[in-house]
Amino acid sequence: MILVFFGPPGAGKGTQAQILAESKNIPHLSTGDMFRAAIKNQTPVGVKVKAVLDAGELVSDDLVNELVAEEIKNERYNNGFILDGYPRTVNQASFIDALLKEQNRPISVVLNLEVPKEELVKRILSRGQGRSDDTEEGIRKRLDVYHKETAPVLDYFKDTDLIKHIDGVGSIEQIQERIHAAI
Ligand code: AMP
C-alpha cells in the first residue's frame, strides 16, 4: 500500500505518518526529514538546500523528484510506504504518479489532513522542536507557499477516487482513528 499524507505545514502529517508506518510496518518517507538530515550531516545536498529550507521556500522539483525516485528503489520500500511532505507541487505529483504507475505500484490513497489556519500557526509555534524554519515569518512563508504551490496538488488528484479528507482537529488518537476508518 502506498499512502500519501497531504496537508498544510502543522497539520500533523509527520506525527500521523509515523504512527501509521509503525502500525503497518512500512517505511515512512518524509522529504523534510531527509533534507534536515542532509543539512545536519553537511552532505552536498544539505549544503545546497539549507538556505531554501531556512527561507521556507521549496527545494527544486528536479532535485526532490530525483531523491525520492532513488530512495524508493531500495528494497525496503517493496511492501509499500508512506509519503509525507511529498508530492508538494503539481510537477512532483505528476512525476511520482507516473513513476509508480510505471512500476505497477500506484498510489493507494491520498490523506488530506484539514486544519484551520489559526490552529496551524498556534501548533507550529508551540511544537518547540527548534526547527530553524519555525519562526513567525518562516511559518507565514510556508503557509503562503502551501496555498500557491501545494494546494493545487489536490486538483491534480481530484478526478481520481484517491483523496480522503480527514478532519485534523482533535487528539492524536482521534485523528488516528479517523485515518484508520478512511483507509
Ligand atoms: P516539512 O518537514 O515537510 O515541513 O519540510 C520542510 C522544508 O523542506 C520545506 O519547507 C521545504 O523547504 C523542504 N521540502 C520538504 N519536502 C519538499 C518537497 N516535496 N518539495 C520541495 N521542498 C520540500
Side-chain angles (χ1 to χ4, degrees), residues 1-89 91-93 95-97 99-100 103 105 107-108 110-113 115 120-121 123-146 149-150 153 168 172 175-176 179:
M1 202 178 196
I2 296 175
L3 302 102
V4 175
F5 268 92
F6 191 84
K13 299 186 294 292
T15 305
Q16 293 298 334
Q18 180 84 44
I19 294 172
L20 195 62
E22 275 165 28
S23 82
K24 292 202 164 292
N25 201 20
I26 53 176
H28 165 207
L29 175 53
S30 154
T31 44
D33 285 351
M34 227 163 142
F35 289 130
R36 280 184 290 275
I39 291 170
K40 194 167 153 222
N41 298 321
Q42 299 185 347
T43 69
V45 167
V47 171
K48 196 166 161 182
V49 303
K50 185 178 184 323
V52 178
L53 265 83
D54 282 346
E57 283 163 7
L58 293 183
V59 174
S60 79
D61 288 334
D62 286 350
L63 178 57
V64 188
N65 287 339
E66 190 190 319
L67 288 174
V68 172
E70 255 328 290
E71 176 70 16
I72 63 174
K73 281 183 188 164
N74 196 307
E75 241 180 52
R76 68 192 201 97
Y77 292 91
N78 286 357
N79 296 325
F81 51 90
I82 298 179
L83 291 173
D84 159 17
Y86 178 90
R88 220 176 181 106
T89 63
N91 174 296
Q92 294 175 18
F95 174 84
I96 194 70
D97 186 32
L99 180 70
L100 293 173
Q103 297 177 350
R105 48 174 180 172
I107 293 169
S108 320
V110 176
L111 295 160
N112 178 33
L113 282 180
V115 176
L120 294 171
V121 178
R123 281 192 196 179
I124 299 175
L125 284 176
S126 69
R127 81 181 157 194
Q129 291 178 335
R131 270 176 59 166
S132 57
D133 55 353
D134 278 353
T135 58
E136 284 240 32
E137 197 190 325
I139 298 164
R140 220 173 307 121
K141 175 73 189 171
R142 279 183 289 143
L143 283 171
D144 202 41
V145 169
Y146 172 80
E149 312 251 5
T150 307
V153 170
I172 290 177
I175 298 161
Q176 205 182 330
I179 291 168

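When reading the values below, keep in mind they use all heavy atoms of this one structure, side chains included, and skip hydrogens, waters and symmetry mates. Count residues from 1 along the sequence. Because the structure is predicted, anything quoted here is derived from the model rather than measured.
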In sequence, state the C-alpha distance, the side-chain angles, and the governing distance for Leu58 and Val145, and then conclude on side chain to side chain contact (heavy atoms under 4.5 Å, CB included). CA-CA 8 Å; Leu58 293 183; Val145 169; 3.5 Å; yes
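- Across Pro9 and Leu120, no two heavy atoms sit closer than the pair O-CD2, 3.4 Å.
- No option in Glu70, Glu71, Glu75 other than Glu70 meets the salt bridge (Lys or Arg N to Asp or Glu O under 4.0 Å) test with Lys73.
- Residue Glu66 places its CD atom among 12 or fewer non-hydrogen atoms of other residues, nucleotides or ligands, all under 6.0 Å distant.
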Please lay out, stage by stage, how Met34 and Leu29 fare under the test side chain to side chain contact (heavy atoms under 4.5 Å, CB included). CA-CA 8 Å; Met34 227 163 142; Leu29 175 53; 3.7 Å; yes
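- Note that the CG atom of Leu100 and the CZ atom of Phe95 stand 9.0 Å from one another [nearest 0.5 Å].
- Using a 4.5 Å cut-off on side-chain heavy atoms (C-beta onward), Leu63 and Val49 make contact.
- You'll find the side chain of Gln18 stays beyond 4.5 Å of the side chain of Ile82, heavy atoms only.
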Should Val59 and Leu53 be marked as a side chain to side chain contact (heavy atoms under 4.5 Å, CB included) after you check the CA-CA gap, both sets of side-chain angles, and the distance that decides it? CA-CA 8 Å; Val59 174; Leu53 265 83; 3.9 Å; yes
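- For the pair Ile172 and Gln16, the tightest heavy-atom approach, listed with the atom from each and the gap, is O-NE2, 3.2 Å.
- Across all their heavy atoms, Gly10 and Ile124 have their closest contact at CA-CG1, 3.7 Å.
- To the nearest 0.5 Å, atom OG1 of residue Thr15 and atom CD of residue Gln176 are 10.5 Å apart.
- Using a distance-only test at 3.5 Å, with no hydrogens or angles considered, a donor-acceptor pair links the side chain of Asn74 to the main chain of Arg76.
- For the pair Gly14 and Asp84, the tightest heavy-atom approach, listed with the atom from each and the gap, is CA-OD2, 3.3 Å.
- You'll find the side chain of Leu20 reaches within 4.5 Å of the side chain of Ser23, heavy atoms only.
- Separation of atoms OG1 (Thr43) and NZ (Lys48) is listed at 10.5 Å; rounding is to 0.5 Å.
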Decide side chain to side chain contact (heavy atoms under 4.5 Å, CB included) for Val115 and Arg123; before the verdict, give the C-alpha distance in whole Å, the side-chain angles of both, and the deciding distance to 0.1 Å. CA-CA 10 Å; Val115 176; Arg123 281 192 196 179; 3.9 Å; yes
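- In this structure, the side chain of Asp97 does not engage the main chain of Ala93 through any donor-acceptor pair within 3.5 Å.
- In this model, no donor atom of one side chain and acceptor atom of the other lie less than 3.5 Å apart for Asn25 and Asn79.
- A 4.5 Å side-chain heavy-atom check between Tyr77 and Ile2 finds every atom pair outside the cut-off.
- The CZ atom of Phe5 sits 10.5 Å away from atom CG of Leu83, with the distance rounded to the nearest 0.5 Å.
- A heavy-atom distance below 4.5 Å is found between the side chains of Ile139 and Arg142.
- The salt bridge (Lys or Arg N to Asp or Glu O under 4.0 Å) pairs that include a residue from residues 23-47 are Asp33-Arg36, where partners are two or more places apart or lie in different chains.
- Using modelled atom types, no side-chain atom of Thr89 and backbone atom of Glu149 make a donor-acceptor pair closer than 3.5 Å.
- If you take CD1 on Ile107 and CG on Leu3, they are separated by 10.0 Å, rounding to the nearest 0.5 Å.
- The CG atom of Asn78 sits 10.0 Å away from atom CD1 of Ile72, with the distance rounded to the nearest 0.5 Å.
- Put simply, the side chain of Val4 does not reach to within 4.5 Å of the side chain of Tyr86, judged on heavy atoms.
- In this structure, Pro27 and Gly80 approach most closely via the heavy-atom pair CD-O, 3.3 Å.
- Lys13 and Leu113 get closest at one heavy-atom pair: N-CD1, 3.7 Å.
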